[in-house]
Amino acid sequence: MHVKKLHPWRLSYEEAVRVQEQLRHKIRLDPLTEQIQLVAGADVSCERNNRFSYSSVVVFTFPDLELIEEINASLEEDFPYIPGLLTFREAPVLIKAFQKLRNTPDVILFDGQGIAHPRGIGLASHMGLILGLPTIGCAKTRLTGKHGTVPEEKGGYSLLESQGRTIGAVLRTRERVKPMFISPGHKITLKESIRIVLETCRGYRLPEPTRQAHLAVNRFRIVKSEHF
DNA sequence: GCGACAG
DNA sequence: ATCTTGTCGC
């Protein structure tokens with residue numbers, strides 16, 4: 001897959017923030033232009049003791065969700081986890097996987113925020129800009145924003161708001177489980193994001209793309225680290 | 001100054 | 001995220 005040249009990643013905190021503040025203005029939240037035929041999920045796993053990070057990208061047909069491709073990658077990790085700067089820790093190894101991907105997904109789900117971010121550019125949004133593809137942020141917990149009570153039934157949601165702006169939705173993807181924090185990443189609307197997440201949920205809290213990417217990256221990490 | 005804080 | 005066993009509930 002074609003992947004745009006990446007920014008220098010060896011950045012200080014201030015430089016990383018500057019990159020985000022400059023890039024946020026390129027994010028577009030227009031409706032999807034293509035019919036969704038391929039949906040992908042991506043996730044990263046890091047080892048506390050080891051100095052490597054691992055990533056997996058899985059591609060499914062939509063809406064049948066038949067797996068057609070899985071790509072893994074590993075990379076030496078150099079950036080720490082800092083709330084708000086997750087992109088600079090996880091994007092490098094994700095990019096390495098996307099560069100090897102043969103299919104071009106119509107939309108990609110990420111384990112993190114889209115625009116529901118202090119500077120409006122979470123991992124999903126940043127990856128959307130790098131890849132030039134529609135992306136959705138599917139986070140398990142809140143980073144920023146306020147919201148009301150989330151309806152108990154599956155599909156129920158409460159809007160996530162910040163500074164008077166709607167930045168996402170707190171969505172119940174399954175009954176009796178904590179809701180997910182969904183936000184558009186790039187080239188997609190919140191409404192479409194919610195629809196795609198719900199249509200890719202298969203009885204679990206996480207939508208299949210990110211759930212399968214999570215399982216895949218853990219399988220990959222075990223095999224890779226045991227084989228040295 | 002204090003609390004909050006994706007993975 | 002990671003470290004970790006069993007256990008309670010639908």
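It should be emphasised that the depicted structure is a prediction, and the values quoted were computed from it without experimental measurement. Letters go in sequence order (proteins before strands), and every chain restarts at 1.
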Please work out whether the ring planes of A:His126 and A:Phe88 are parallel, tilted or perpendicular, with thresholds of 30° and 60°. perpendicular
Looking across every strand, which nucleic acid part, if any, lies under 4.0 Å from A:Arg221 by heavy atom: base, sugar-phosphate, or nothing? sugar-phosphate
For a quick test of reading the model, state the closest non-hydrogen atom pair linking [X] to [Y] and the distance between them.
X        : Y        : answer
A:His186 : A:Leu133 : CD2-O, 3.9 Å
A:Tyr13  : A:Leu85  : CD1-CD1, 3.3 Å
A:Gln113 : A:Arg142 : NE2-C, 4.1 Å
A:Leu159 : A:His147 : O-CB, 3.3 Å
A:Thr144 : A:Pro118 : CG2-N, 3.9 Å
A:Arg172 : A:Glu152 : CG-O, 3.6 Å

Contacts under 3.5 Å, N or O only, protein and nucleotides 3-7 of chain B:
residue : atom : partner  : partner atom : Å
B:dA4   : O3'  : A:Arg142 : NH2          : 3.4
B:dC5   : OP1  : A:Arg142 : NH2          : 2.8
B:dA6   : OP2  : A:Tyr81  : OH           : 2.4
B:dA6   : O4'  : A:Gln113 : NE2          : 3.4
B:dA6   : N7   : A:Gly84  : N            : 3.0
B:dA6   : N6   : A:Gly84  : O            : 3.0
B:dA6   : N6   : A:Leu85  : N            : 3.4
B:dA6   : N6   : A:Leu86  : N            : 3.1
B:dA6   : N6   : A:His117 : NE2          : 3.4
B:dA6   : N1   : A:Leu123 : N            : 3.0
B:dA6   : N3   : A:Gln113 : N            : 3.0
B:dG7   : OP1  : A:Lys140 : N            : 2.7
B:dG7   : OP1  : A:Lys140 : NZ           : 3.3
B:dG7   : OP2  : A:Thr141 : OG1          : 2.9

Note on DNA chain C: ranges paired as stems (three or more Watson-Crick/G-U pairs in a row, both atom distances under 3.5 Å) are none
With sequence neighbours left out, write down each residue that passes side-chain contact (heavy atoms from CB on, under 4.5 Å) with A:Ser162, or none if nothing qualifies. A:Ile167
A:Glu47 has an atom CD; how far is it from atom C1' of C:dC3, in whole Å? 13 Å
Between A:His214 and A:Arg176, just flag the one whose closest nucleotide in DNA chain C comes earlier from the 5' side. A:His214
